[in-house]
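Here is the structure we will look at, set down as structure tokens.
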Amino acid sequence: MMQQYLETKEQYKDCILFYRLGDFYEMFFEDALVASKELEITLTGKNCGTEERAPMCGIPHHAMEGYLTKLVSRGYRVAICEQVEDPKTTKGIVKREVVRIVTPGTNLNTQALDESKNNYLMGIYYAGDTFGISSVDVSTGDYYMTEVDSLKKVNDELMKYMPSELICNAAFFMSGMNIEELKDRFGIAVSSLEDWYFDLVGCESALQEHFHVASLQGLGILEYPSGVIAAGSIMQYLRETQKNSLAHITTLLPYSTGKYMVLDSATRRNLELVETLREKQ
């Protein structure tokens, strides 16, 4: 069983692995050390062939959503590994598969989400002097994309959407954006993805496949090449993490920031357009 666990964990190194064993989800090794501290649950150990007992902790399967939300809200990614065979009819090790990866921008637990706010996942693709930006709320299906030409405008979009998670290409880390401020001050989980997520052909293909179109002409987004990559990277990311139908996302809305009067974050805050200054209501 531990061999099966290690093989699965190898595929999801950047996630805390919730590994289903009977009526519990168990975590082992480094995952157990992190989870026991963050969730304030007891850390135990398990004999698994090594010299020392492997650190281990667990949660009841029926209480999983609450613990899951707590980890995700603190910026962790969680891979949920379920038993996909009936233990009663299976000889030997029960087959298990990761059925979902939950991240701050893809948490669908309605009890954990604020009904008055969107929970946005934002994708940013930086290439030279252009930033492609796309935002999606997986719980509602809202899906937008645009392009801007300066960090100030990127910051305006970030403050407008206030995403819980931001995915980007490695170049964005070199753009001059204060990544640590996004993480520490605004609580946005930021991660750069592998290059293949931002391959133009792959992004176009992902969007065409999702919206069932032969070309992107019909979506009206061809004038935003960097925006297409940002939106396509999000679609590929969702397919990787959700592992189920995204049919409720039916429209991708392109927009140009130049067609609107932009109120920067300080103006919106001081005018109390969306929340009060003092109580944040």
Side-chain angles (χ1 to χ4, degrees), residues 1-88 90 92-115 117 119 121 138-139 163-167 180 182-191 237 240-244:
M1 188 278 294
M2 287 305 297
Q3 187 175 350
Q4 186 190 58
Y5 166 85
L6 291 170
E7 289 171 356
T8 304
K9 177 62 182 175
E10 182 67 20
Q11 299 174 49
Y12 299 93
K13 293 179 180 178
D14 60 343
C15 300
I16 291 177
L17 184 60
F18 277 17
Y19 195 71
R20 184 70 179 265
L21 289 177
D23 291 333
F24 286 82
Y25 289 100
E26 303 288 0
M27 287 145 278
F28 300 95
F29 302 106
E30 186 64 29
D31 285 358
L33 297 175
V34 172
S36 64
K37 180 180 178 182
E38 294 286 358
L39 301 176
E40 299 178 348
I41 55 179
T42 303
L43 183 69
T44 61
K46 182 177 181 66
N47 292 321
C48 60
T50 56
E51 289 186 16
E52 297 182 3
R53 285 161 61 87
M56 170 184 170
C57 65
I59 56 172
H61 76 93
H62 59 79
M64 181 263 286
E65 288 293 347
Y67 289 111
L68 173 67
T69 295
K70 197 170 184 180
L71 285 174
V72 169
S73 67
R74 295 179 181 181
Y76 294 100
R77 294 161 55 92
V78 179
I80 303 170
C81 186
E82 293 283 6
Q83 297 174 172
V84 293
E85 292 179 328
D86 187 345
K88 296 176 182 176
T90 304
I93 299 293
V94 176
K95 185 179 179 182
R96 294 177 175 84
E97 290 180 2
V98 170
V99 297
R100 184 164 57 116
I101 300 171
V102 185
T103 68
T106 62
N107 188 6
L108 296 175
N109 181 5
T110 54
Q111 292 180 329
L113 298 176
D114 185 340
E115 290 183 4
K117 295 180 180 179
N119 183 41
L121 164 68
V138 185
S139 63
S164 57
E165 182 177 6
L166 169 64
I167 59 174
E180 293 308 312
L182 295 181
K183 293 179 180 178
D184 300 336
R185 183 179 173 189
F186 299 108
I188 302 173
V190 184
S191 56
Y237 184 71
E240 288 285 312
T241 57
Q242 299 308 289
K243 300 183 184 293
N244 57 23

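Residues: numbered from 1 along the sequence shown.
Note that CE of Met2 and NZ of Lys9 are 11.5 Å apart. Values are rounded to the nearest 0.5 Å. With rounding to the nearest 0.5 Å, the separation of CZ in Arg96 from CD in Gln4 is 5.0 Å. How far CD1 of Ile188 is from CD of Glu165: 10.5 Å, rounded to the nearest 0.5 Å.
For the 3.5 Å distance criterion, the side chains of Gln242 and Tyr237 fail to qualify, holding no donor opposite an acceptor.
Of the residues Val72, Thr69, Ile16, the one that meets the side chain to side chain contact (heavy atoms under 4.5 Å, CB included) test with Val102 is Val72. The one candidate from Thr241, Asp14, Thr106 that meets the side-chain hydrogen bond (donor to acceptor under 3.5 Å, both in side chains) condition with Arg77 is Asp14.
No donor-acceptor pair under 3.5 Å is formed between the side chain of Glu240 and the backbone N or O of Ile101. A donor-acceptor pair under 3.5 Å is formed between the side chain of Asn119 and the backbone N or O of Pro104. Between the side chain of Glu82 and the main chain of Arg20, no donor-acceptor pair closer than 3.5 Å is present.
Two residues are said to be in side-chain contact when any heavy atoms from C-beta on lie closer than 4.5 Å; Val78 and Cys15 fail this criterion. A 4.5 Å side-chain heavy-atom check between Leu33 and Glu30 finds at least one atom pair inside the cut-off. Met64 has its side chain out of reach of His61: every pair of non-hydrogen atoms, C-beta onward, lies at least 4.5 Å apart. Counting heavy atoms from C-beta outward, Met1 and Ile93 have side chains that approach closer than 4.5 Å. At least one side-chain heavy atom of Glu26 sits less than 4.5 Å from a side-chain heavy atom of Met56. By the 4.5 Å heavy-atom criterion applied to side chains, Leu68 and Ile80 are counted as neighbours.
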Run the numbers on Val34 and Tyr76 for side chain to side chain contact (heavy atoms under 4.5 Å, CB included), then give the verdict. CA-CA 10 Å; Val34 172; Tyr76 294 100; 3.7 Å; yes
Should Val98 and Lys243 be marked as a side chain to side chain contact (heavy atoms under 4.5 Å, CB included) after you check the CA-CA gap, both sets of side-chain angles, and the distance that decides it? CA-CA 9 Å; Val98 170; Lys243 300 183 184 293; 4.1 Å; yes
For a side chain to side chain contact (heavy atoms under 4.5 Å, CB included) check, start with the C-alpha distance between Phe18 and Leu71, then their side-chain angles and the critical distance, and finish with the verdict. CA-CA 11 Å; Phe18 277 17; Leu71 285 174; 3.8 Å; yes
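Between Gly45 and Arg53, the shortest heavy-atom distance links the atoms O-NH2, 2.7 Å. Heavy atoms only, all atoms of each residue included: Cys57 and Ser36 are closest at SG-N, 4.0 Å. For the pair Ala35 and Ile41, the tightest heavy-atom approach, listed with the atom from each and the gap, is O-CG1, 4.1 Å. Residues Pro60 and Phe24 approach most closely at N-CD2, 3.7 Å, considering heavy atoms.
Atom NZ of Lys37 has 12 or fewer heavy atoms from other residues, nucleotides or ligands within 6.0 Å. Counting non-hydrogen atoms of neighbouring residues, nucleotides and ligands closer than 6.0 angstrom, the NZ atom of Lys95 reaches no more than 12 such neighbours.
The aromatic rings of Phe28 and Tyr5 stand perpendicular to each other, their planes meeting at an angle above 60°, with 30° marking the opposite boundary.
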